[in-house]
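Only a predicted model underlies this, so the values are computations on that prediction, with no experimental measurement involved.
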Amino acid sequence: MNSTIQEYLDSLRGKRIAVIGIGVSNTPLIKMLLRAGLSVTACDKKERKDFDGLIEELESLGAEVRLGPDYMDGLDQDIIFRTPGLRPDATPLLAARERGSIITSEMEVFFQVCPCEIIAVTGSDGKTTTTTIISELLKKAGYNVYVGGNIGKPLLAETPNMEPDDMVVLELSSFQLMTMDMSPEIAVVTNVAPNHLDVHKSMEEYVAAKENIFSHQSTDDLAVFNWDNEITRGFAEKAPGNVMCFSRREILERGVYVKDEAIWCADRDGHRKVLPLSDILLPGNHNVENYMAAIAAVNGLVSDETIRLFARSFGGVEHRIELVRAVDGVRYYNDSIASSPTRTIAGLRSFEEKVILIAGGYDKHIPFDVLGPEIIEHVKELILTGDTAEKIRAAVENAPGYNGSNPPIRMYQDFEQAVLAAHSMAQPGDVVILSPACASFDRFKNFMERGNTFKRIVREL
């Protein structure tokens with residue numbers, strides 16, 4: 001039985017609390033704890049000048065603040081909330097745990113106190129689009145929906161407003177899932193491929209984190225898996241509850257599949273045609289898979305007609321193969337969310353013509369071998385920039401079928417120069433796409449800033 005948020009806050013009275021990370025996800029948590037009259041130490045490696053007045057606001061509410069490189073020294077509070085990007089086995093956290101501290105997170109507590117049903121989505125690619133489709137479908141069906149996790153806003157402080165008949169839809173990263181000991185009523189895994197290996201110690205650890213989204217379910221809960229992905233197909237045997245898979249390649253006896261240019265659903269009531277592929281506005285087979293995952297998750301909650309009406313009008317999520325504009329017959333697409341090779345491959349396969357690709361960025365220590373052949377097949381001009389430019393170039397040059405100029409490869413240190421170079425070589429009818437296959441942290445705060453920079457440059461052409 002879940003406790004309420006007030007019961008949880010009451011349980012913290014008289015205890016000392018630390019919150020690691022003063023950012024978008026934790027600031028509402030810090031304010032909620034302070035307004036409940038609790039003792040809170042807010043910690044962050046940034047300096048006071050980086051917060052634009054936020055630190056003074058928190059201090060006025062009663063927070064003790066620790067900033068700078070020593071922000072985690074001497075942690076000994078009773079309860080410590082870690083930010084998702086901080087590994088749970090970081091040395092200061094291990095030391096605090098040995099001293100008796102309880103390590104938790106905003107999301108872990110939210111699962112404890114959420115009063116309504118949770119649908120959660122994870123995966124290496126497609127999380128945000130699938131989460132958005134599910135939440136919008138539920139809204140169209142008349143539900144009051146809260147969206148959070150990696151998108152939307154932190155929801156813990158919103159729980160007093162939630163009713164049992166509401167729905168929560170979460171996008172969850174592997175970092176959020178690493179220490180979860182509860183799972184949602186409906187869990188969706190879009191796919192799993194190598195990602196974030198700059199933070200995770202191994203692929204095995206990454207996969208184990210993803211498994212947490214369903215491993216604590218009850219026998220009455222539902223898990224949705226991609227049957228075409230070898231790792232997630234294996235999850236189907238481990239799930240403790242009901243399983244519904246989706247497949248673009250096989251017709252399933254129970255699940256969601258593609259037949260006769262339409263998405264079908266097979267459940268206890270039989271097989272039925274749900275959504276013609278021609279109704280889907282989003283380009284690419286990966287978006288067909290995103291719809292299939294969403295249809296499996298909302299089966300029985302949303303009518304097929306609602307799904308069809310929505311698909312005919314939904315143009316996608318910002319930074320995900322987003323059409324920025326057409327200039328002189330050239331279409332420019334922002335796919336800045338593509339921070340892994342598999343994501344970029346999906347973007348390249350979305351277009352019938354060969355594209356001018358801008359790629360490269362922060363090195364997450366993911367191999368680019370699989371990207372090389374795809375670039376040879378789908379790219380007419382390759383423009384590389386960022387820390388990984390040489391690694392991607394090597395993957396292309398070492399791929400079977402590369403002849404030294406198929407495609408031509410150009411390297412640019414400056415991001416804007418790379419975009420302008422793509423513009424200068426594009427001809428009417430061409431597609432230029434920013435799909436980096438890498439994270440953005442070599443030059444940008446996040447993929448949104450990278451995508452917005454690309455859009456600004458394109459709009460100024």
Side-chain angles (χ1 to χ4, degrees), residues 19-30 42-55 57-58 65 67-69 71-72 82-87 90 105-107 124-125 127-129 131-132 147-154 171-176 195-200 317-322 324 333-340 343-344 347 358-366 384-389 412-419 433-460:
V19 179
I20 310 299
I22 307 173
V24 173
S25 61
N26 279 341
T27 297
L29 166 66
I30 296 169
C43 311
D44 200 288
K45 63 183 175 182
K46 295 179 184 176
E47 303 291 346
R48 182 178 291 262
K49 61 181 175 57
D50 299 320
F51 287 97
D52 195 25
L54 174 60
I55 299 304
E57 180 185 357
L58 296 179
V65 177
L67 301 174
Y71 71 111
M72 286 196 293
R82 72 174 179 94
T83 188
L86 178 64
R87 284 189 60 89
S105 68
E106 187 264 350
M107 186 57 64
S124 299
D125 302 315
K127 294 188 296 294
T128 300
T129 299
T131 302
T132 302
V147 183
N150 272 2
I151 62 174
K153 57 185 177 181
E171 176 190 323
L172 297 180
S173 70
S174 57
F175 308 134
Q176 290 167 313
N195 205 348
H196 300 299
L197 298 184
D198 56 328
V199 177
H200 287 288
V317 183
E318 188 179 19
H319 306 298
R320 291 152 178 84
I321 317 184
E322 172 195 12
V324 180
Y333 286 88
N334 166 30
D335 194 31
S336 183
I337 187 62
S339 61
S340 67
R343 191 68 181 253
T344 293
I358 305 169
Y362 175 76
D363 192 352
K364 293 195 291 184
H365 305 297
I366 300 172
L384 297 175
T385 186
D387 290 353
T388 57
Y412 294 90
Q413 283 287 99
D414 182 73
F415 181 81
E416 183 163 354
Q417 285 180 349
V419 178
I433 181 169
L434 168 68
S435 190
C438 306
S440 58
F441 308 126
D442 56 337
R443 295 179 184 176
F444 302 97
K445 292 180 181 177
N446 49 47
F447 73 86
M448 293 90 76
E449 183 181 74
R450 177 171 62 189
N452 288 331
T453 301
F454 174 75
K455 292 197 289 185
R456 173 188 60 76
I457 298 167
V458 169
R459 287 167 178 160
E460 292 173 353

* Stepwise side chain to side chain contact (heavy atoms under 4.5 Å, CB included) test for Phe175 and Thr83 -> CA-CA 9 Å; Phe175 308 134; Thr83 188; over 6 Å; no
* To do: Examine distances only and state if a side-chain atom of Lys364 and a backbone atom of Ser339 form a donor-acceptor pair shorter than 3.5 Å.
  => yes
* Flag the pair Ile358 / Val419 as yes when at least one side-chain heavy-atom distance between them is below 4.5 Å, and no otherwise. => yes
* Asked: Does Thr129 have any side chain to side chain donor-acceptor pair (under 3.5 Å) partners at least two apart in sequence or in another chain, and if so, which?
  -> none
* Asked: Do the side chains of Glu106 and Val19 get nearer than 4.5 Å, heavy atoms only?
  -> no
* **Arg343 side chain reached by Cys438 side chain, heavy atoms, under 4.5 Å** => no
* List for me each residue that meets side-chain contact (heavy atoms from CB on, under 4.5 Å) alongside Thr27, sequence neighbours excluded, and say none if there are none. => Ile22, Lys31, Leu54
* Quick one: salt bridge (Lys or Arg N to Asp or Glu O under 4.0 Å) partners of Lys153, sequence neighbours excluded? -> Glu158
* Output yes when a side-chain donor or acceptor of Asn26 lies under 3.5 Å from a complementary backbone atom of Gly21, and no otherwise. => yes
* To do: Output all residues satisfying ring-ring contact (aromatic ring centres under 6.0 Å, His included) with Phe447, sequence neighbours left out; order by chain, then residue number.
  => His319
* Thr131 pairs by side-chain contact (heavy atoms from CB on, under 4.5 Å) with which of Leu172, Ile151, Asn150? -> Ile151
* Can you name the side-chain contact (heavy atoms from CB on, under 4.5 Å) partners of Asp387, sequence neighbours left out? -> Asp442
* **For Lys46, side-chain contact (heavy atoms from CB on, under 4.5 Å) partners two or more places apart** => Asp44, Asp50, Phe51
* **Thr388 side-chain N/O to Gly360 backbone N/O, donor-acceptor pair under 3.5 Å** => no
* When rounded to the nearest 0.5 angstrom, what distance separates SG in Cys43 from CD1 in Ile30? -> 8.5 Å
* To do: List for me each residue that meets side chain to side chain donor-acceptor pair (under 3.5 Å) alongside Thr132, sequence neighbours excluded, and say none if there are none.
  => none
* Phe444: what forms a side-chain contact (heavy atoms from CB on, under 4.5 Å) with it, not counting sequence neighbours? -> Phe415, Ser440, Glu449, Arg450, Thr453
* Asked: For Ser435, what residues pass the side chain to side chain donor-acceptor pair (under 3.5 Å) criterion, not counting sequence neighbours?
  -> Asp335, Thr344
* Only counting residues at least two apart or in another chain, list the ones meeting salt bridge (Lys or Arg N to Asp or Glu O under 4.0 Å) with Arg48. => Glu56, Glu59
* Structure fact -> The salt bridge (Lys or Arg N to Asp or Glu O under 4.0 Å) partners of Arg456 (sequence neighbours excluded) come to Glu416, Glu460
